[in-house]
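One structure below.
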Amino acid sequence: SAVISQKPSRDICQRGTSLTIQCQVDSQVTMMFWYRQQPGQSLTLIATANQGSEATYESGFVIDKFPISRPNLTFSTLTVSNMSPEDSSIYLCSVEDDGRSSTDTQYFGPGTRLTVL
Amino acid sequence: GQQLNQSPQSMFIQEGEDVSMNCTSSSIFNTWLWYKQEPGEGPVLLIALYKAGELTSNGRLTAQFGITRKDSFLNISASIPSDVGIYFCAWDSNYQLIWGAGTKLIIKP
């Protein structure tokens, strides 16, 4: 399976500021995903990020609030803009297997725990 | 939209006990995935199921894809302390994962 790292692992931020989260994969993958997991909740997909195209956002998430970059096949960033305490969550990136196994499955990074004061 | 109902919400068991949790859906699914998430970590894939009736094991874990394609269960035999965490079922819908609410497993010392 792909090895995924995220930076930072956690951060405490002030209201109104922005934080950029990085996701690095040890192999080239076509599809990368960004999820949010609020305390005690399941995961919610924010957007799908494919290299060379604009990210596709899910209902309730907009590019102005969560701009995403995907400059190459091993890296992506998610920015949480103009943060408020409601943005306090764990943010996770994941990748689709890209055909190295017989089944397509998603693998997750360790997450970035964000607290907004 | 598609919904997954996962139960129980939490389990508080003795070490050595067997554990069973399940997910049901209102629609027919082509895949069932079971993930485990430990505190401070991302979810880790445990078992993937792709055929109705499929029964798959991964060590002490066993999962089955229901014959109606609307349900799946995950069993853990002889639980140990490192089994603690939250277990999620998920469905892979055209690259988007639809998640159950999770089952939190707590093991009494």
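In what follows, chains carry the letters A, B, and so on, assigned in the order in which the sequence lines appear, proteins first and then strands, with residues in each chain numbered from 1.
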Are [X] and [Y] linked, directly or through other ILVMFWY residues, by side chains that come within less than 4.5 angstrom of each other?
| X | Y | value |
| --- | --- | --- |
| B:Trp91 | B:Leu49 | yes |
| A:Tyr35 | A:Ile21 | no |
| A:Ile90 | A:Leu19 | no |
| B:Ile47 | B:Phe73 | no |
| A:Phe75 | A:Val3 | no |

Quiz prompt | Interchain contact, A:Glu58 with chain B, by part (heavy-atom threshold 4.5 Å) | solution = side chain
Exercise. Check each atom of A:Leu92 against the heavy atoms of chain B and say whether the ones under 4.5 Å are side chain, backbone, both or neither.
Key: side chain
Enter the distance from [X]:[atom1] to [Y]:[atom2] here, rounded to the nearest 0.5 Å.
| X | Y | atom1 | atom2 | value |
| --- | --- | --- | --- | --- |
| B:Tyr35 | A:Ser42 | OH | OG | 11.5 Å |
| B:Phe88 | A:Gln37 | CZ | CD | 5.0 Å |
| A:Thr44 | B:Ile98 | OG1 | CD1 | 10.0 Å |

Quiz item: Is it the backbone or the side chain of B:Gln6 that comes under 4.5 Å from a heavy atom of chain A, or both, or neither?
Solution: neither
Quiz prompt | side chain to side chain contact (heavy atoms under 4.5 Å, CB included) assessment of B:Gln37 paired with A:Phe108 | solution = CA-CA 10 Å; B:Gln37 185 176 27; A:Phe108 286 81; over 6 Å; no
Quiz prompt | Side chain proximity check, A:Phe33 to B:Leu97, heavy atoms < 4.5 angstrom | solution = no
Self-check item: More than 12 heavy atoms of other groups within 6.0 Å of A:Glu54 CD
Solution: no
